[in-house]
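Treat the numbers as computed from the prediction; the structure is a model and nothing was measured. Keep in mind that the numbers below use all heavy atoms, side chains included, and drop hydrogens, waters and symmetry copies.
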Amino acid sequence: MSKNISAPLLRTARLLDLVPYLNTHQGIALKELAKHFDVSQAQMSADLTTLWMCGLPGYTPLELMDLEFESGFVSIRNAATLSKPRSITFQEGVALLLGLDLVASSLPDHRKDLLTAIDSLKMQLTQVLGVPIKLSAVPSSSGTVALSIANAIHANGGLVIKYHSMYKDQVTVRDVIPYELVTIDKHQYLRGYCCTAQDSREFRVDRILEAQPIDIEPVVESRNRENTKVSFSITVMHSSRDMTERFAVSNVHVGETIELSSYSRQWIERSVMASGRAVSLISPLDIRAEVAQSAQLLLDRYKAE
């Protein structure tokens, strides 16, 4: 039975095989061609239409594939010209090396065969191009973590993740039911239900250190939970780039009081402490007292030394 293969990598490999096959099987019936590549006739027609738009740089009718298949029989006329090896430029080679590095970094750890093949191809390209240093383009998250997330979303399953929280500067383990992946401000986030916090959460994917599938019972999320954001106000004592980036504010002036909010009390305390003399926490008073206590402990340690 014919298969309707449409996976990008499989289709690309099939398109590459089509050119030499057609060159030695001129006038082959479309039905027979589809049977040989084990796809449907509709899929083969789509492949030939795609192949029609392929060729050499310039991409005019002189450089594109010259195919004929409307009659039900397939022929290719200029394959001999297009089959000549073409050298890649230095810039194209560098792009290939960086692309291969990204592909390798996104693969799961158990695909040693693909990782070995990529390393071999990168070494050959490096030698041909004469690149003096090893180029590297590493994605922000590991391929194993990305694969686990994708599988969990597809299967409506659960994950146990090891997550580095920047708010608390701690690594925590959480049980999560993932909903979707979203991109916010150029960062990818996993949006889902956190069983540990018993509420919806967003986890930056590049801060997920590990992700393993687990069985979790479906959870009916409460939509009427109270807003857990903590409001706080700071007075600007000294305007600096570090302060404006830390609190995501702009056009502030010395002496100005700013009203802000955060989901984490720990983040408020740590951010105020890290800002030094740049800001003064005005409210809430309990966090202000905690900041004062932490600052006093640090001063006492310096005096003790």
Side-chain angles (χ1 to χ4, degrees), residues 4-13 95-115 117-118 135-230 245-248 261-264 266-267 271:
N4 189 0
I5 301 177
S6 57
L9 290 178
L10 292 177
R11 189 179 185 192
T12 300
L96 281 174
L97 285 172
L98 294 176
L100 286 170
D101 207 35
L102 285 173
V103 171
S105 301
S106 63
L107 289 173
D109 296 335
H110 68 274
R111 292 308 306 266
K112 302 296 184 183
D113 55 335
L114 294 179
L115 292 171
I118 289 175
L135 298 175
S136 179
V138 181
S140 56
S141 59
S142 74
T144 303
V145 168
L147 182 62
S148 298
I149 293 174
N151 290 340
I153 294 176
H154 179 74
N156 294 322
L159 287 174
V160 54
I161 65 172
K162 185 179 290 185
Y163 185 69
H164 180 203
S165 172
M166 295 301 291
Y167 283 144
K168 299 181 180 180
D169 194 21
Q170 294 177 350
V171 175
T172 59
V173 177
R174 302 166 182 243
D175 294 344
V176 178
I177 301 177
Y179 299 154
E180 59 181 347
L181 286 171
V182 296
T183 301
I184 303 173
D185 295 332
K186 299 182 181 180
H187 293 291
Q188 195 172 39
Y189 289 82
L190 169 63
R191 181 176 292 166
Y193 183 85
C194 178
C195 299
T196 307
Q198 297 185 353
D199 200 1
S200 291
R201 288 290 187 269
E202 291 178 351
F203 303 95
R204 251 180 67 168
V205 175
D206 58 339
R207 294 176 184 164
I208 299 177
L209 307 179
E210 295 178 10
Q212 298 294 333
I214 58 171
D215 293 328
I216 299 180
E217 292 294 329
V219 178
V220 178
E221 181 184 354
S222 174
R223 299 292 182 179
N224 297 318
R225 294 177 63 92
E226 294 182 0
N227 193 335
T228 57
K229 271 195 170 184
V230 179
E245 291 181 351
R246 189 184 307 277
F247 294 100
S261 62
S262 172
Y263 284 104
S264 171
Q266 291 88 348
W267 181 86
S271 296

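In this structure, Glu180 CD and Leu190 CG are separated by 9.5 Å, a value rounded to the nearest 0.5 Å. Taken from CG in Leu181 to CD1 in Ile149, the straight-line distance is 6.0 Å, to the nearest 0.5 Å. Taking CZ of Arg201 as the reference point, atom OH of Tyr179 lies at 11.5 Å (rounded to 0.5 Å). Atom CG of Asn156 is separated from atom CD1 of Ile177 by 10.0 Å, given to the nearest 0.5 angstrom. Between the CG atom in Leu100 and the CD1 atom in Ile118 there is a gap of 6.0 Å [rounded to 0.5 Å].
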key: Worked verdict on Val171 versus Lys162 for side chain to side chain contact (heavy atoms under 4.5 Å, CB included)   = CA-CA 7 Å; Val171 175; Lys162 185 179 290 185; 3.3 Å; yes

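Among residues two or more places apart in sequence or in another chain, the side chain to side chain donor-acceptor pair (under 3.5 Å) test is passed with Glu202 by Arg191. By the side chain to side chain contact (heavy atoms under 4.5 Å, CB included) test, Asp175 is found to be paired with Val160, Cys195, Ile214, Ile216, residues two or more places apart in sequence or in another chain being considered. A search for side chain to side chain contact (heavy atoms under 4.5 Å, CB included) contacts involving Leu96 returns Ile88, Leu125, not counting sequence neighbours.
Annotation for Pro178 and Gly157: closest pair CD-O, 3.2 Å, computed over non-hydrogen atoms. The two residues Arg204 and Asp206 come nearest to each other via the heavy atoms NH2-OD2, 2.8 Å. Taking both residues in full, the closest heavy atoms of Arg174 and Tyr163 are given as NE-CD2, 4.4 Å, listed atom of the first, atom of the second, then distance. Scanning all heavy atoms of the two residues, the minimum distance from Ala211 to Ile161 falls at CB-CG2, 4.1 Å. In terms of heavy-atom proximity, Gly158 sits nearest to Ala152 at O-CB, 4.4 Å.
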